Amino acid sequence: MSEEQAQLIRRWHEESHDALRAMLPADVMFMGLRLHITESVMPLDESAEGDPYHQVVEREARPGLRVLDMGTGSGVSALLAARAGSDVVAVDVNPEAVACARANAERNGLAERITFVHCDLFQGVEGDFDLIIFDPPFRWFEPRDLLERSHADADYRTLTAFMTEAPGRLRTDGRIVMNFGTSGDLEYLLELIARTGLASEQMRYGEATKFGYTAEYHVFTLSKP
């Protein structure tokens with residue numbers, strides 16, 4: 001990535017963080033779920049049909065699957081998987097996110113299907129999974145607070161550690177579903193995926209433009225070859 005592109009993404013990030021902060025707290029309906037999102041948790045826009053990433057999450061989750069929602073935030077992906085009949089472990093390093101997600105599970109009558117864990121990545125997680133869901137922070141900057149940590153990962157330490165351990169937590173036919181975009185360093189993610197040896201399917205689903213720079217967004221589905 002060029003220095004010019006990195007500077008554009010830094011400007012993008014600062015504007016995005018201010019916009020996210022202005023959205024909170026929030027009460028939204030999303031894909032039929034009632035969500036209350038607190039001050040230090042990543043918000044999302046109200047939408048009856050959802051977005052392509054969460055539509056893939058809902059489609060991949062099925063009855064009887066063991067699902068890991070890594071970085072659960074408001075709990076939306078965990079709730080979609082639980083509603084589809086999966087048994088879910090929802091993890092977040094942000095204690096406020098864990099509390100928010102748990103409250104949303106109770107609000108939607110799905111708490112019995114979800115186990116909530118406050119930990120950093122896999123440290124408090126046992127066993128393997130049929131489906132691992134991860135919507136990682138796109139940017140590599142040092143976060144200044146809990147909200148910013150939801151979309152900034154200093155030097156991609158969390159992303160790198162996840163890609164190192166996650167393949168070993170997949171069952172034989174397991175899959176990883178990830179969301180990422182070129183408002184982050186997509187080339188680095190592709191490098192990490194190549195190191196895992198997992199088969200990768202990539203679906204481009206949208207774009208956005210700021211400061212003359214157009215970012216593309218993708219859903220990745222990874223599986224054992």
Side-chain angles (χ1 to χ4, degrees), residues 24-38 40-137 146 150-151 158 162 165-167 169-180 203 205 219-223:
L24 296 168
D27 290 285
V28 300
M29 287 292 297
F30 188 84
M31 298 179 73
L33 299 169
R34 291 190 304 116
L35 304 173
H36 176 71
I37 306 174
T38 52
S40 296
V41 179
M42 173 69 84
L44 70 168
D45 293 320
E46 186 160 310
S47 174
E49 68 277 6
D51 55 60
Y53 169 67
H54 287 102
Q55 290 166 4
V56 172
V57 168
E58 185 175 53
R59 187 165 62 245
E60 290 284 337
R62 299 186 301 277
L65 296 189
R66 187 169 193 245
V67 175
L68 174 63
D69 180 22
M70 182 63 74
T72 193
S74 65
V76 59
S77 292
L79 270 62
L80 291 171
R83 190 174 66 182
S86 299
D87 296 312
V88 184
V89 178
V91 173
D92 208 293
V93 70
N94 177 358
E96 295 187 27
V98 174
C100 177
R102 183 181 287 113
N104 283 327
E106 293 170 354
R107 184 173 288 110
N108 289 276
L110 295 166
E112 291 185 0
R113 300 205 70 94
I114 308 174
T115 299
F116 294 94
V117 182
H118 171 222
C119 69
D120 190 359
L121 289 175
F122 295 93
Q123 291 178 1
V125 178
E126 297 181 357
D128 53 11
F129 297 88
D130 300 291
L131 177 64
I132 299 176
I133 305 161
F134 190 33
D135 186 1
L146 287 173
S150 67
H151 64 123
T158 297
F162 173 86
E165 186 163 355
R169 295 298 193 105
L170 282 181
R171 293 177 174 175
T172 302
D173 295 321
R175 293 156 77 81
I176 299 171
V177 173
M178 296 181 65
N179 188 41
F180 209 79
M203 180 187 78
Y205 68 82
V219 176
F220 292 86
T221 304
L222 312 180
S223 58

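Just so we're clear, the structure is a prediction, and the values are computed from it rather than from any experiment.
Side chain of S86 to main chain of R62: a donor-acceptor pair is present (N/O by atom type, distance under 3.5 Å, no hydrogens or angles). Proximity of a side-chain donor or acceptor of R169 to a complementary backbone N or O of G127 within less than 3.5 Å is detected. In this structure, the side chain of D128 does not engage the main chain of R171 through any donor-acceptor pair within 3.5 Å. Between the Q55 side chain and the E49 main chain, a donor and an acceptor come within less than 3.5 Å of each other.
Here the OH-CG distance, from Y205 to N179, works out to 3.5 Å after rounding to the nearest 0.5 Å. To the nearest 0.5 angstrom, L146 atom CG is 5.5 Å from E96 atom CD. To the nearest 0.5 Å, atoms CD (E165) and CG (L170) are separated by 11.0 Å. The line from CG of L222 to CD1 of I176 is 5.0 Å long, rounded to the nearest 0.5 Å. Here OG of S77 is found 12.5 Å from CE of M70. Values are rounded to the nearest 0.5 Å. Expressed to the nearest 0.5 Å, how far CG of L131 lies from CG of D173 amounts to 12.5 Å.
The stretch residues 108-121 participates, sequence neighbours left out, in these side chain to side chain donor-acceptor pair (under 3.5 Å) pairs: D87-R113. A side chain to side chain donor-acceptor pair (under 3.5 Å) check over residues 97-107, counting only residues at least two apart or in different chains, returns the pairs N104-R107.
In plain terms, the two heavy atoms of A90 and A78 that are nearest each other are CB-CB, 3.9 Å. Contact between D92 and G71 at its shortest, heavy atoms only, is OD2-C, 3.3 Å. Taking each heavy atom of V91 and C119 in turn, the nearest pair found is CG1-SG, 3.5 Å. Across S74 and L44, no two heavy atoms sit closer than the pair OG-CD2, 4.2 Å. Here the shortest heavy-atom pairing between M178 and P136 reads CE-CG, 4.1 Å. Residue A105 comes nearest to I114 through the heavy atom pair CB-CD1, 4.1 Å, listed as atom of the first residue, atom of the second, then distance.
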Query raised in the report: Run the side-chain contact (heavy atoms from CB on, under 4.5 Å) check on V41 and S150 step by step: do they pass?
Result: CA-CA 7 Å; V41 179; S150 67; over 6 Å; no
**Report entry** Steps toward side-chain contact (heavy atoms from CB on, under 4.5 Å) verdict (V89, F129)
**Finding:** CA-CA 9 Å; V89 178; F129 297 88; 3.9 Å; yes
Report task. Determine, step by step, whether L110 and L33 satisfy the side-chain contact (heavy atoms from CB on, under 4.5 Å) criterion, reporting the C-alpha distance in whole Å, the side-chain angles of both residues, the deciding distance to 0.1 Å, and the verdict. Result -> CA-CA 10 Å; L110 295 166; L33 299 169; 4.2 Å; yes
Requested in this report: Any chance you could lay out the side-chain contact (heavy atoms from CB on, under 4.5 Å) test for L79 and L35, step after step, and finish with the verdict?
Outcome: CA-CA 10 Å; L79 270 62; L35 304 173; 4.0 Å; yes
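With sequence neighbours excluded, no residue forms a ring-ring contact (aromatic ring centres under 6.0 Å, His included) with Y53.
Aromatic ring orientation, H54 versus F30: perpendicular (interplanar angle above 60°, classes split at 30° and 60°).
Summarising the local packing, CG of D27 is surrounded by more than 12 heavy atoms from other residues, nucleotides or ligands at distances under 6.0 Å.
Looking at heavy atoms from C-beta onward, T158 lies out of side-chain contact with V93 at the 4.5 angstrom threshold.
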